[in-house]
Amino acid sequence: MSFLLDGLNEQQRKAVTACQGPVLVLAGPGSGKTRVLTRSIAYRIETLGARPYHILAVTFTNKAAREMGERVEKLIGANTHGLTLGTFHSVCVRILRRQAERLPFDSHFVIFDADDQIRVVKRALRDLDLDEKQYRPHSIHAAISRAKNELLLPEDFPIKTYRDEVVRRVYEQYHKLLLASNALDFDDLLLWTAFLLAEYPEVCQQYARRYQHVLVDEFQDTNMAQYTLLKHLASFHRNIFAVGDADQSIYRWRGADYRNVRRFEQDFSDAQVILLEQNYRSTQNILDAAMAVIDQNPQRRRKKLFTGRGAGKKITLHEAHDDRAEAAFVVDAIASLVARGQAQPGDCAIMYRTNAQSRLLEEAFMRANLPYKLVGAQRFYGRREIKDVIAYLRLVHNPLDEASLLRVINVPPRRIGAKTVAALRTLAGQTGLAPGELLLDLGKGEDSEYFGKFRGRAALSLANFGHLVRNWRALRDELTPLQLIDRILHDVGYEAYLDTSTEEGLSRWDNVQELRRLAADYHDRDLLAFLDEIALVSDQDTLDEAANVPTLLTLHAAKGLEFPVVFIVGLEERTLPHFRSFDDPEAMAEERRLFYVGITRAKDRLFLVHALNRAAYGYTEPTEPSRFLEDIPTHLLNGQGVVRSFRGREGTTRQQNAPSPGPPPQRARYQAGMKVRHPLWGEGMVLNSRWQDGDETVDIFFEKVGLKRVAASLAKLDYVNE
DNA sequence: ATGGACAATGTTTTT
DNA sequence: CATTGTCCAT
């Protein structure tokens, strides 16, 4: 089956055929990593005779999984049946449903999305009589999520401060509430699977024996839970094949730890390490810019990326007056490329740090009457009407799901207000039933023993709704998901509720129609399959590749994609790097990687854009260009004069000088009284600062280690905002 | 119970 | 500024 090695370079070949023992493939951007992964799967089946049943391949997005499946099938035909191929989360769902009898939930559990999770945190806070202002649900949830990713249960939650103590209690309550709802959050899927494999050696054995080959994509994005899972699953045969690139690790905030790459080499000391450094995507100029940017990150394994593609066009650096002008520039530039026949609209992508930045771009496209497509942002599944319909389905599937019950119990309004809901919950608590179960019982009307416990109107409203849910439940096995949706929409009068005479209502109803179309695909599967699928889709999964129009997307969403023409906008301090990363060197390093990921998406043309003024809180304020721009050698750039090193704001005079890649501006960055943070020594106060031998020498009094003298260009100091 | 008006509050990235 | 929550009048 030598065709599986056709067209591969030596390193790729080596990787594809490395099927024994642990293998770590460090794959630079555009180095054919997906190719290596798919061929390696095919090679194991075709050449080594492995049964697909014995192969596990995990990815982070459904799209990546789907693509991989299609490409393997294209290589070796249809004999991929039995292959386990999916995202970490979907693979875990499958395992957990099968093994639920060993775990504290049953196999019909539902998956709570981000919204539900916040609701549960709020509920927990209220149950514990804690102030939502003081303990913001999002921040508490982040702490819980972090703990789960580290495989820490409530009792293991590390306590250093009083706040930690509170978080631990909320975590405990949150945990209970989820189990009472027979629901798992995203993190639980990983946590419980890891727990299962650790606690039940016979189960672990069963899977580890089955999976003779374990392959992982985007390994640098794994968190502790995922890493542990992989180790368990590969523990018997030890044929684990991990592909990743620490320089493209951009999900630290989600628990991802690129140090797992190093950990892998330690845990599997016999691992073969294969480097893929030849880039097949970008021109050399683009690649050089990318390397110049990423080389500034400390403590990384240097890779020397090269391409056979030639230098290519220079990178365009554009300075716009403000964010509106920035958007206009992008639209103009695309229009002009298309007009000159240099690109198709669909070749172009515009990338930005935050979703909020998409708005002005969208407006600019609309003003120019040009179509575009947007990845993510107001996600389809995040829309209110979609969440409503899904909540109905989940309630029908699982009446224990309190989050869904509360979401739809009065939508459309059916005279069940806060008072009545509180009464329902109270009585449920007294009887030991879940609110949803109580509601179902009330659905029997006056036959229900609980009917008399409510004040007249309330009892009737509840009974009516309970009756509806009873009916839907009775039908749920006969009807397809689509038929059930239609039945619910009809029974509750959802179209009338949306008021399709208004533009907004009509658009919402359109979205419901879109959901119906998606449900139509599930005519031969059950409701739960549909619910699983929509719980685990990602933004990238909804990207429509057919339309020949420009794509707007965040830098995060751009990972794994490539485009002939790439615009990266908002290249300013506080945007990229984002201001939330300023006081943490690790976070700052990740901002740089994010920029690196963006640059390396480009095949032929790269446009880097920054605006001198940007609207922040509704007010437009002056900006400084991103520090990352300073790291790109000027000879790779063209466009208007390269304005460099503005930190300190005297750039206009310096600009006159010949563009020299010399030292930064002679202006103190640190002044006495400033608070700064050093990666090693922690926080300290600047005592004084002066210029010496072309560098800034700063004396700092650190809280932990006392007085230190540092060179500003060498010490990785960060400002601490007071 | 409902809906509207106002205030506060917060803005990264997402399986 | 744009969303979310809270208060108040119906």
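Labels below follow one simple rule: chain letters A, B, ... track the order of the sequence lines, proteins then strands, and each chain is numbered from 1.
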For nucleotides 3-8 of chain C, list the nitrogen or oxygen atoms of the protein found under 3.5 Å from its nitrogen or oxygen atoms, one pair per line.
from: C:dG5; atom 1: OP1; to: A:K122; atom 2: NZ; distance (Å): 2.9

Next on the checklist: For A:T600, give me all partners under side chain to side chain contact (heavy atoms under 4.5 Å, CB included), at least two apart in sequence or on another chain.
Outcome noted: A:P29, A:A290, A:Y596
Next on the checklist: Nearest heavy atom decides the nucleotide; on that basis, is A:A616 or A:A535 closer to the 5' end of DNA chain B?
Outcome noted: A:A616
Checklist entry - How long is the line joining CG of A:L374 and P of B:dT14, in whole Å? => result 11 Å
Please produce a list of atom pairs where a protein N or O lies less than 3.5 Å from an N or O of nucleotides 1-3 of chain B.
from: B:dA1; atom 1: OP1; to: A:T420; atom 2: OG1; distance (Å): 2.6
from: B:dT2; atom 1: OP1; to: A:R415; atom 2: N; distance (Å): 2.9
from: B:dT2; atom 1: OP2; to: A:N410; atom 2: ND2; distance (Å): 2.7

Checklist entry - salt bridge (charged side-chain N to carboxylate O under 4.0 Å, His left out): which pairs involve residues 129-143 of chain A, sequence neighbours left out? => result A:R126-A:E132
Item to check | salt bridge (charged side-chain N to carboxylate O under 4.0 Å, His left out) contacts in which one or both residues fall within residues 219-228 of chain A, not counting sequence neighbours | outcome: A:D221-A:K559
Checklist entry - Going by atom types only, do A:S139 and A:R163 share a side-chain donor-acceptor pair under 3.5 Å? => result yes
Checklist entry - Closer to the 5' end of DNA chain B via nearest nucleotide, is it A:H138 or A:R254? => result A:H138
Checklist entry - salt bridge (charged side-chain N to carboxylate O under 4.0 Å, His left out): which pairs involve residues 404-416 of chain A, sequence neighbours left out? => result A:D388-A:R407
Checklist entry - Once you round it to whole Å, what is the distance between C1' of B:dT13 and NE2 of A:H556? => result 4 Å
Item to check | Atom-to-atom span, CD of A:Q357 to P of C:dC1 - whole angstrom | outcome: 18 Å
Checklist entry - Within the distance-only criterion (no hydrogens, no angle test), does the side chain of A:H108 pair as donor or acceptor with the backbone N or O of A:N398 below 3.5 angstrom? => result no
Checklist entry - Could you give the CG-to-C1' distance, from A:L189 to B:dT14, as a whole number of Å? => result 14 Å
Checklist entry - Which whole-number value in Å describes the distance from A:F219 CZ to B:dT15 P? => result 20 Å
Next on the checklist: Taking 5.5 Å and 30° as the limits, would you call A:W253 and the base of B:dT13 a stacked pair?
Outcome noted: yes
Checklist outcome for this item: Residues passing the salt bridge (Lys or Arg N to Asp or Glu O under 4.0 Å) test with A:D491, sequence neighbours excluded, are A:R487
Next on the checklist: Under the side chain to side chain donor-acceptor pair (under 3.5 Å) definition, can you give me all pairs with a residue in residues 142-152 of chain A, not counting sequence neighbours?
Outcome noted: A:S145-A:D187, A:K148-A:D185, A:K148-A:D188, A:N149-A:D187
Next on the checklist: Rounded to whole Å, how long is the line connecting atom OH of A:Y251 with atom C1' of B:dT13?
Outcome noted: 7 Å
Item to check | Listed partners of A:S90 passing side chain to side chain contact (heavy atoms under 4.5 Å, CB included), at least two apart | outcome: A:T87, A:R94, A:L536
Checklist entry - Taking CD1 from A:I534 and P from B:dT14, how many angstroms apart are they, rounded to a whole number? => result 20 Å
Next on the checklist: Distance check needed: B:dT14 P versus A:N223 CG, whole Å only.
Outcome noted: 17 Å
